[in-house]
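Shown next, in structure tokens, is the structure this report addresses.
Order of the sequence lines fixes the chain letters, A, B, ..., with proteins taken first and strands second; residue numbering starts at 1 for each chain.
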There are 2 protein chains.
Amino acid sequence: MELTSTELSCGSCALSRICLPANLSARETRILAGAVERGRELQSGARLIRAGARMDALYVVRSGSAKSCGVMNDGEEYVRAFNLPGEVAGLEGFADGHHTCDLVALEPLRYCRIPLGRLERLMETLPGLRREVLRLLGQSLEEAQRMRTEVSMVDARGRLASFLVDLSRRLERRNLPPTHFRLSMSRRDIARHLGLTLETVSRSLGAFRSAGWVEVRARYIKLLQPKALAALLAH
Amino acid sequence: MELTSTELSCGSCALSRICLPANLSARETRILAGAVERGRELQSGARLIRAGARMDALYVVRSGSAKSCGVMNDGEEYVRAFNLPGEVAGLEGFADGHHTCDLVALEPLRYCRIPLGRLERLMETLPGLRREVLRLLGQSLEEAQRMRTEVSMVDARGRLASFLVDLSRRLERRNLPPTHFRLSMSRRDIARHLGLTLETVSRSLGAFRSAGWVEVRARYIKLLQPKALAALLAH
DNA sequence: GGCCTCGATTGATCCGGATCAAATTCCGGC
DNA sequence: GCCGGAATTTGATCCGGATCAATCGAGGCC
């Protein structure tokens, strides 16, 4: 699933079906590839985007994972999103040209970078890229709004189930085992993401385990009955 | 603040500073105006966008107000956003070409409509319009993500204070009295928007009234000490 | 104006998840 | 393998807001 350092083009990237070029023509993908820069590998905990910084590029996770996070006035951390390979981060910067939250690596991370100036110039000539960027923004917006209603209307277990099912679905799209995976984020990060405390996350996981729906060993998790989890959402 | 039926162009619209053409050149605004259709007046409760419908245009509130809302699996209504004059609705449709929530008039409503096909064609030639649409999407995304963390980390009064202060700010931008206004939405709508119950909204308003921060009479509200409300956000 | 209905307020009780507080497990370094 | 610190689990208690219930008020209609 990961790219070797010899790969240079979006066209041959294993993520091309998921990432920006998903719906671009071969020609458009080739042109876009010319604008993409490869970042070096970052260590776990490294900050790729800093809140308040001028938005100068879009960032795409190539391997590893990251969290989009920040701190509230009172110093409490919040986690807006987790970013898996192929996912674009920093889109909220389009609002006023500045990022409003950090992007932090959760494990060793490689990424691609598309300078904003070049992106804007390419959008002038590539209608597919225009559509794709709009689609990405629309998708992030829809996701954020959906999460917002979920946080306010679904109880702790429902939210955790939703999180696990969603993660599973995203892993599946990347041809990774969807029922047996490692959580790259801490319980605390999950809690901050779902608007819960880490104790509640732990207890809810415990409840799923007692019910025989999941197997948990530290950060490794196996979904035994994904349907039971998904059923929690239907309510 | 409202347009008369004789006004035909975005350039002469009282909302042009707030609406889509905010940062467009005079020439670009003129061209965009040619693509904008005026909708007829809708009654309170009328549905301008239906969840699941194909996205065929962007809609802008011209006068009146609306709510973006839908129902969860369990039948509970949720309210994603309230839309004031000059605000664009339906952006989440860019995700996959379909709307995911309704847009419902909260009072007699007039609107503008920009057919998607024409918008896309114009974005090809008008760089300012491209930037503006990206800015709008970024802004909505940022707003949705901010609301999401707020719902999960701020208590009931803080959220209501935030809502009132935000509303006040948006009214001010429209040259409407920012401290003395009518809420076009019910307590229930506010509650659904903030992830609370209507009883809690009512009680929190009562608390603000007792503190001498606001004056409330039915849907009319006067902010006596906006700073005290804003201070709740600082936590 | 007076009625009628829906929306809003106020009150009493309950509960899910937060908070505070150990105990336990995991993992990196030696 | 052993050790130390951090992450996680588990336990006990508490509280904000939900829920259930009743009253009050406002605007619409005749």
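- Residues B:L109 and B:G64 share a closest heavy-atom pair of CD1-C, 4.2 Å.
- Screening A:H193, A:E150, A:Q145 against B:R148 for a side-chain hydrogen bond (donor to acceptor under 3.5 Å, both in side chains) leaves a single residue, A:H193.
- Nearest-nucleotide assignment on DNA chain C puts the 5′-proximal partner with A:D155, out of A:Y220 and A:D155.
- Atoms CD (B:E199) and P (C:dT13) sit 16 Å apart, rounded to a whole Å.
- The CZ-C1' distance, from B:R188 to C:dG7, rounds to 11 Å in whole Å.
- Computed from coordinates, the A:L205 CG to C:dG17 P distance equals 14 Å when rounded to whole Å.
- If you take CZ of A:R182 and P of D:dA7, they are 13 Å apart, rounded to a whole angstrom.
- Counting any heavy atom pair closer than 4.0 Å across all strands shown, A:G195 reaches sugar-phosphate atoms only and no base atom.
- Looking at B:S140 and B:R80, their side chains never bring a donor and an acceptor atom within 3.5 Å of each other.
- Residue A:L196 places its side chain closer to C:dA18 than to any other of C:dA18, C:dC27, D:dA18.
- With hydrogens and angles left out, the side-chain atoms of B:N83 and B:S68 include a donor and acceptor closer than 3.5 Å.
- Among the heavy atoms of the strands lying under 4.0 Å from B:T197 is at least one base atom, whether or not backbone atoms are also near.
- If you measure from atom CZ of B:R187 to atom P of C:dG7, you get 12 Å, rounded to the nearest angstrom.
- Distance from the side chain of A:A218 is smallest for C:dC26 among the nucleotides C:dC26, D:dG17, C:dA8.
- Taking side-chain N and O atoms only, B:T200 has no distance below 4.0 Å to OP1 or OP2 of D:dG17.
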Let's go through B:T100 and A:E142 carefully: what are the C-alpha distance in whole Å and the side-chain angles of both, what is the deciding distance for side-chain hydrogen bond (donor to acceptor under 3.5 Å, both in side chains) to 0.1 Å, and is it a yes or a no? CA-CA 8 Å; B:T100 52; A:E142 169 61 22; 2.6 Å; yes

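- Nucleotide C:dG17 holds its P atom 15 Å from the CG atom of A:L198, rounded to whole Å.
- Using a 4.0 Å heavy-atom cutoff across all strands shown, A:R209 reaches sugar-phosphate atoms only and no base atom.
- One can place CG of B:L183 at 10 Å from P of C:dT9, the figure rounded to the nearest angstrom.
- The interatomic distance linking B:R217 (CZ) with C:dT9 (P) rounds to 13 Å, in whole Å.
- With hydrogens and angles left out, the side chain of B:R203 and the base of C:dG11 share a donor-acceptor pair within 3.5 Å.
- Between C:dA8 and B:R219, a contact under 4.0 Å exists linking OP1 or OP2 to a side-chain N or O.
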